[in-house]
Number of protein chains: 2
Amino acid sequence: MPTVSSEELAAAAGVNSAKLRKDFSYLGSYGTRGVGYDVEYLVYQISRELGLTQDWPVVIVGIGNLGAALANYGGFASRGFRVAALIDADPAMAGTPVAGMPVQHTDDLEKIISDNGVSIGVISTPAGAAQQVCERLVAAGVTSILNFAPTVLSVPDGVDVRKVDLSIELQILAFHEQRKAGEEAAADGVEPPAAAKQQRKGPDGDVPAVMPA
Amino acid sequence: MPTVSSEELAAAAGVNSAKLRKDFSYLGSYGTRGVGYDVEYLVYQISRELGLTQDWPVVIVGIGNLGAALANYGGFASRGFRVAALIDADPAMAGTPVAGMPVQHTDDLEKIISDNGVSIGVISTPAGAAQQVCERLVAAGVTSILNFAPTVLSVPDGVDVRKVDLSIELQILAFHEQRKAGEEAAADGVEPPAAAKQQRKGPDGDVPAVMPA
DNA sequence: CCATCTTTGTGCACGCGTTCACAAAGACAT
DNA sequence: ATGTCTTTGTGAACGCGTGCACAAAGATGG
């Protein structure tokens, strides 16, 4: 039986072995003292806890460049996601195959959701259409929404929304880039704020929590 | 002079006003006691600190669906980013206009970087090409990379990489979705782990820090 | 069956970020 | 000018997550 110790896993992941063991302990006691964790069983347990063993049908609404990119994205299938349908408001797109799947018209949204038992929807429409699409998805039974449109969606309680803003990551890079350029900026006559001097905590340095929308 | 109090801002943003004031204090003392913060000045200071006032030329390498989507993404310009060039390895694409800008061939990558003073690069190539593109970008002087390819890039010290995995957000949604479905899962004969019972802390509940790649 | 050795699971302490609470600062009215 | 009122800026307390360190558990060998 192939096993791994928490020490090995921690070294590979670059984290503390105690933290790793504690995290695993939340899933139950799947390890064997003096031996380690049964690899196969551990993978199964983590996969199950994360929902990777389930089949999650999703619909993508708004098949522009981004929607098409998502439809073609290979990472979904391997994580248990199945693109059940591609939906767009443009009648001219209806029937056009994208990623080997015909685009369907928005009119059929409710039927598609219900027929496929979809509970997760992806919105990659223009900003103007997002809220309306969101409401139709929710009304049809969707309870989790991944929003790529640059709008804040308002949803009833019990519905989860995650917003992905592609420019935020760039902004974080620019933020660090600015610090690398660093001390020369002081020559502008503006005193560099204290925040500019604090050291990043880890590999995933973050920006302040509050920033204007 | 239009002003806002930390209390108003905190209410609007849904955070604690003391935290907000403390965050602002890291940028300097820009508030006036008894009055609040001068809106215009505050916006300027935050923009400057975040690097929004600077012009950041970026190149996008790999003009597939995702690259095209990024090139068309409106959010960049408003945050101080300027797409300096679109680069692709396919000779057939060279010259083709995408988002009103001709695609250039990878051969000219180094010259483009240097001519435009680019320090931030976006990689939206297939996984296989990413590391090689990354190395050329770094060699040409890029020090920050936004990676959309499903690969872990290795870079020398001093270079920042941020990896965007579009499926991770979906996975987080599925994770919560699984919990909503919740207690029925216990009927499977598998005892629900303790972690499934802990309550989410805030609107942005997170997944455990460690998960298999 | 007992001793020894390895590795887990976890109580406890430490450190950091968030929140509370208040003194200091400034505006504004009298 | 003096007093009052509002809001900032920050010292101090609190709470939570991380890491240390060790007892318990089990494997393995004599």
Side-chain angles (χ1 to χ4, degrees), chain A residues 1-46 49 172 175 191-211, chain B residues 1-46 49 172 191-212:
Chain A
M1 181 177 85
T3 61
V4 272
S5 69
S6 62
E7 205 64 55
E8 294 173 87
L9 282 174
V15 299
N16 183 285
S17 68
K19 172 167 163 45
L20 193 142
R21 283 199 299 279
K22 194 161 281 187
D23 279 1
F24 283 4
S25 77
Y26 291 133
L27 312 177
S29 292
Y30 299 138
T32 306
R33 300 180 184 214
V35 177
Y37 298 88
D38 172 22
V39 173
E40 191 183 350
Y41 188 53
L42 182 63
V43 166
Y44 168 71
Q45 288 297 347
I46 294 177
E49 181 69 21
I172 293 172
F175 184 69
E191 184 66 10
K197 290 167 192 158
Q198 42 180 56
Q199 197 58 29
R200 287 176 53 194
K201 295 167 307 198
D204 259 10
D206 257 349
V207 290
V210 177
M211 77 172 79
Chain B
M1 181 178 88
T3 61
V4 272
S5 69
S6 62
E7 205 64 54
E8 293 173 88
L9 283 174
V15 299
N16 183 286
S17 68
K19 172 166 163 48
L20 193 142
R21 286 199 297 280
K22 191 160 280 186
D23 279 1
F24 283 3
S25 77
Y26 291 133
L27 312 177
S29 292
Y30 298 137
T32 306
R33 300 180 184 215
V35 176
Y37 299 88
D38 174 21
V39 174
E40 193 183 350
Y41 189 55
L42 183 62
V43 166
Y44 168 72
Q45 288 296 347
I46 294 177
E49 181 68 20
I172 294 172
E191 184 66 10
K197 289 169 193 159
Q198 43 180 53
Q199 197 59 30
R200 288 175 53 193
K201 295 167 307 198
D204 260 10
D206 256 347
V207 291
V210 177
M211 77 172 83

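Residue numbers start from 1 in every chain, and the chains themselves are labelled A, B, ... in the order their sequence lines are given, proteins ahead of strands. Just so it is clear, the values below take in all heavy atoms, side chains as well, and ignore hydrogens, waters and symmetry mates.
You'll find that the side chain of B:A18 is closest to C:dC20, out of C:dC20, C:dT7, C:dT18. Ranking D:dT8, D:dT10, D:dA27 by closeness to the A:V35 side chain, first place goes to D:dA27. In the set D:dG9, D:dC20, C:dT8, C:dT8 carries the atom at the smallest distance from any side-chain atom of A:Y37.
Residues B:A10 and B:N16 share a closest heavy-atom pair of CB-C, 4.0 Å. The two residues B:S17 and B:S6 come nearest to each other via the heavy atoms CB-O, 3.9 Å.
If you measure from atom CG of B:N16 to atom C1' of D:dT10, you get 14 Å, rounded to the nearest angstrom. Note: OH (A:Y26) to P (C:dT8) measures 17 Å, nearest angstrom. Spacing between atom CG of B:L20 and atom C1' of D:dT7 amounts to 13 Å, rounded to whole angstrom units. Atom CE in B:M1 sits about 12 Å away from atom C1' in C:dG26, given to the nearest Å. Rounded to whole Å, the distance from CZ on B:F24 to P on D:dT7 is 15 Å. Regarding B:E7, its CD atom lies at a distance of 12 Å from the C1' atom of D:dT6, rounded to whole Å. We find that OH of A:Y30 is positioned 13 Å from P of C:dT10, with the value rounded to whole Å. Between the CG atom of B:L27 and the C1' atom of D:dG9 there is a distance of 13 Å, given to the nearest Å.
Toward the 5′ end of DNA chain D lies the nearest nucleotide of A:R21, the other residue of the pair A:R21 and A:G34 mapping further downstream.
Of the side-chain N and O atoms in A:S25, none sit less than 4.0 angstrom from OP1 or OP2 of C:dG9. At the phosphate of D:dG19, neither OP1 nor OP2 sits under 4.0 Å from any side-chain N or O atom of A:K19. One finds no side-chain N or O of A:T32 lying less than 4.0 angstrom from the OP1 or OP2 phosphate oxygen of D:dG26.
Among the heavy atoms of the strands, none lies under 4.0 Å from A:S17.
Side-chain atoms of B:K22 and base atoms of C:dT18 include no donor and acceptor less than 3.5 Å apart. Remark: the A:R33 side chain and the C:dT7 base include no donor-acceptor N/O pair separated by less than 3.5 Å.
Between A:F24 and A:Y30, the gap from one ring centroid to the other reaches at least 6.0 Å.
By the side-chain hydrogen bond (donor to acceptor under 3.5 Å, both in side chains) test, A:E40 pairs with no residue at all, sequence neighbours left out.
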- Task: Apply side-chain contact (heavy atoms from CB on, under 4.5 Å) to the pair A:V15 and A:D23, showing each step before the final yes or no.
- Result: CA-CA 11 Å; A:V15 299; A:D23 279 1; over 6 Å; no
